[in-house]
Every structure is written in structure tokens, then in C-alpha cells.
Amino acid sequence: MKSNILLENYCKTLKLPTVSREYGRLARQCAQENRGYAAFLQNLLELEVQSRQTKAVIRRIKEAGFPAEKDVSGFDFTALPKLNKKRILDLSGCEFIRKRECAVLIGPPGVGKTHLAIALGREACRRGLRVKFHTATGLATEYAEAREEKTVLKLERAIERRDLIILDELGYVPLGQNAAENLFGFFSKCYERISVILTTNLPFSHWPQIFGDERLTGALLDRLTHRVHVVEMKGESYRLGGRKAKEKGGNQQAEEE
Ligand code: ADP
Ligand code: MG
């Protein structure tokens, strides 16, 4: 089929690049298979819709700013026998995010907290949700800079546009008073409006150490634990485990970042 300039211009005006690219091939195929006009049109529009959805997922994943590509399918559950796999698979259905609930992944370094947080975040992106990944100190710094530049409202609007915020590595570094206050502000903004996935090495009882204030930490935990999914990840560091296995001549491969 010769290219049809007028048709391609209409596609441009209507922003239908896949229709423009695929109509010729699909028309030939439908003619060969004796499929009617309605089937042709339906098939063609399906291709356009699918391509848009794929692009939207890629865009949402890019905008989320994940530090690595991790998925639930790449998570080795045998490394953490005490972790309830079904519970993680349930969380990856992302219903909790739609319900504006939070999840806290607690465990020592290297057990895969960040891996699972990213995996859940990417799953959310695939399901049409808007996500942003921050480290706790990174977000505290963004707040501090925004205060200096008087752009806190802009930062908060960007936060409010998301369905899920991932806050990684809370507790690795004690927060200064300003950082603690900024993160309190962040949690108040999110309360019952935006889902948060938090990763931390410290159990809730140690959180006053992170925030440096018993009373405010109490208030924060009261809100956070109102509707929260606590995932305890107890076990050995996956990286160390992998290394040990290699030293022993085992074939378990640790993913190095
Ligand atoms: P944490 O955030 O708990 O310190 P990470 O998620 O950064 O740990 O994990 C460290 C590295 O080990 C990452 O590359 C991660 O993908 C990998 N990893 C950890 N646990 C697992 C697991 N159970 N299955 C597959 N990879 C894992
Ligand atoms: Mg981590």
C-alpha cells in the first residue's frame, strides 16, 4: 500500500503515531484474513492504546527516580525463609497504595529492603500509580534547600502529585533537628493522603533516637502505625551470603551494584 499523506497528517493532528505506523501492515493482514473493517479498526486502536500504556509505564518509572532496576520476580525468597512470600506478593498488588496505607520494611543492612521497596514501586508504576523514590536524608536535604530558596510549596505540590513515596534508609544516619522537623512535616502531609513505603534498620522503639524527640516521634508513630504493613526482614546480608557461597565454591550469585 502506498503511504497516504492525508491519513498520516490526520494521525499527526490526532496524535496517533502507532495508527500512522501500523495501518498499512494491518490493512494488508486483515485483507488476507478476510477480516472486516470493524475488526481492522479495533485491532489498530488496540495497538495505539497498548503503545501508549507501555510508554506511560516507562515514563512513570523514569519519573520515580529509582536508583536501580529491581523486581519482585528477581527476589530470592529462599534467602529469607522467615519472610512471608504471599504477603509480599499481596503487597505487590498495590491495593494498599490505593487505600493510602503505608508499609515499613525493617531489617539489617543487605537483606533486600531497598530491593523490595523499588520492586513494589515499579509494580505501582505498571499499575498506573505515580511514585517517587527518596532516601530519607535526600528528602530532608531537599526540604532544607527548598526552605532556603522559599520553594517548599513547590516541593510539597510535587509530593502531593504522587500516590506513593518511597523513603529509603531511615535511621542509618541520625537526623539533625531541622531534618527531623522537615520529615515530620512530610509525614503529616502524607497522612491518609499519600502512601509511603519506608525502609529502616531500626525497630520503632529506636525511632526517638533517629528523630531526637520522644514526643514528636510518638505523634508520628501514632499516625504512621494507624494503617501500616510492617514487614520484618530478618536474615543475613544477601551480598555477604553470596560471597560466602562463592568462597565455598557454591553457585549462588550475589548481584553487585
Ligand atoms: P538493604 O536495602 O536491606 O540494605 P538491598 O536491597 O540494597 O539491601 O540489597 C543489597 C543487594 O542484594 C541488592 O543488589 C539486592 O538486589 C540484593 N538482594 C538482597 N536480598 C536479595 C534477595 N533475597 N534476592 C535477590 N537479591 C537480593
Ligand atoms: Mg537499602
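Heavy-atom basis, side chains included; hydrogens, waters and symmetry copies ignored. One-based numbering, in listed order, for ligands and for the atoms of each.
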task: Going by heavy-atom distance to atom 24 (N) of ligand 1, choose the closest among Ile106, Asp76, Thr78.
output: Asp76
To the nearest 0.5 Å, what is the distance between [atom1] ([X]) and [atom2] ([Y])?
X      : Y      : atom1 : atom2 : result
Glu142 : Glu149 : CD    : CD    : 10.5 Å
Leu129 : Arg98  : CG    : CZ    : 4.5 Å
Arg193 : Ile159 : CZ    : CD1   : 10.5 Å

query: Hey, does Leu80 have a side-chain heavy atom less than 4.5 Å from the side chain of Lys234?
result: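 No; the side chains remain at least 4.5 Å from each other.
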field: Residue of the set Phe75, Phe77, Phe66, Tyr238 for which ring pair (Phe, Tyr, Trp, His ring centres under 6.0 Å) holds with His115
entry: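 Output: one option passes, namely Phe75.
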- prompt: Is it the side chain (CB and beyond), the backbone, both or neither of Lys70 that lies under 4.0 Å from ligand 1, heavy atoms counted?
  reply: side chain
field: Tyr238 and ligand 1 - part of the residue with a heavy-atom distance under 4.0 Å
entry: side chain
message: Regarding Thr199, does it place an N, O or S atom less than 2.8 Å from the Mg ion (ligand 2)?
response: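 Short answer: no, not a single N, O or S atom is under the cut-off.
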- prompt: Does any N or O atom in Phe77 lie less than 3.5 angstrom from one in ligand 1, N or O only?
  reply: no
task: Output yes when the distance from some N or O of ligand 1 to some N or O of Gly110 is under 3.5 Å, and no in every other case.
output: yes
message: I'd like to know if Leu80 contacts ligand 1, where contact means a heavy-atom distance under 4.0 Å to any ligand atom.
response: no
- request: Before giving the answer on salt bridge (charged side-chain N to carboxylate O under 4.0 Å, His left out), spell out for Lys99 and Glu95 the whole-Å C-alpha distance, their side-chain angles and the decisive distance to 0.1 Å.
  value: CA-CA 6 Å; Lys99 288 196 255 172; Glu95 260 319 292; 5.6 Å; no
task: Provide the number and element of each atom of ligand 1 under 4.0 Å from a heavy atom of Pro109.
output: 4 (O)
